[in-house]
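What follows is a short report on a single structure.
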Amino acid sequence: MGGKLLLLNGPNLNRLGKREPGIYGSKTLSDVEKELSAAVEPFEYQIDAKQSNHEGQLIDWIQESEGSYDGIIFNPGGYTHTSVAIRDAISSVTVPVIEVHISNVHQREAFRHTSMLAPVCEGQIVGLGTKGYFLAAKYFIEN
Ligand code: DHK
């Protein structure tokens with residue numbers, strides 16, 4: 001029992017709660033980070049929460065996760081649909097990654113239907129709101 005998870009959020013997710021609330025909900029990223037930490041604590045899991053709007057920073061954090069985390073819960077924001085470099089970073093580490101999207105990307109614009117990253121992730125949770133982050137943590141705790 002026990003472990004350490006990295007909660008990683010990409011561009012524009014720092015605007016959660018203010019940004020298009022009809023699509024992304026009213027919780028702030030800080031709310032999600034605090035609630036997730038509290039939810040995993042009884043299982044002796046710890047969450048490190050990081051957010052960046054910058055592709056290179058996200059890549060550095062993914063590379064540095066090797067050996068330090070049991071899993072990464074990752075909402076890559078718009079980089080989901082574009083970033084070969086983030087895909088390569090995920091492939092370069094053995095830490096399993098779950099891709100999370102708050103919105104149902106498949107009900108939205110066609111350019112959101114493709115993920116560059118999903119093929120190298122352990123799994124993907126889409127369209128279940130911020131609950132998706134909690135479901136990803138539950139998966140890591142139970143596996
Ligand atoms: C978040 C974003 O910022 C978008 O660029 C993605 C994702 C969808 C989400 O639903 O959490 O297309």
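In listed order, ligands and their atoms are each counted from 1.
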- Query: Do Asp88 and Ser91 meet the criterion of a side-chain donor-acceptor pair at a distance under 3.5 Å?
  - Reply: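 Per modelled atom types, Asp88 and Ser91 side chains form no pair under 3.5 Å.
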- Query: Regarding Thr80 and Glu99, is there a side-chain donor-to-acceptor distance under 3.5 Å anywhere?
  - Reply: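 Per modelled atom types, Thr80 and Glu99 side chains form no pair under 3.5 Å.
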- When clusters are formed from ILVMFWY side-chain contacts under 4.5 Å, directly or step by step, what else is grouped with Phe74?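 So far as hydrophobic clustering goes, Phe74 is joined with Leu6, Leu8, Leu58, Ile59, Trp61, Ile62, Tyr69, Ile72, Tyr79, Val84, Ile86, Ile90, Val93, Val95, Val97, Met116, Leu117, Val120.
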- Message: Which residues pass the side-chain hydrogen bond (donor to acceptor under 3.5 Å, both in side chains) test with Gln51, not counting sequence neighbours?
- Response: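 Asn14, Asn53.
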- Does CD in Glu41 sit with more than 12 non-hydrogen atoms of other residues, nucleotides or ligands closer than 6.0 Å?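 No, the 6.0 Å shell around CD holds no more than 12 heavy atoms from other groups.
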Tabulate distances under 3.5 Å between N/O atoms of ligand 1 and N/O atoms of the protein, writing both atom names on each line.
residue, atom, partner, partner atom, Å
ligand 1, 3 (O), Arg19, NH1, 3.2
ligand 1, 3 (O), Arg19, NH2, 2.9
ligand 1, 5 (O), Gly78, N, 3.1
ligand 1, 5 (O), Arg112, NH1, 3.2
ligand 1, 10 (O), Ile102, N, 3.2
ligand 1, 10 (O), Ser103, N, 2.8
ligand 1, 10 (O), Ser103, OG, 2.6
ligand 1, 11 (O), Asn75, ND2, 2.8
ligand 1, 11 (O), Ile102, N, 2.8
ligand 1, 12 (O), His81, NE2, 2.7
ligand 1, 12 (O), Arg112, NH1, 2.9

- Query: Does Lys34 have any salt bridge (charged side-chain N to carboxylate O under 4.0 Å, His left out) partners at least two apart in sequence or in another chain, and if so, which?
  - Reply: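 Here no residue qualifies.
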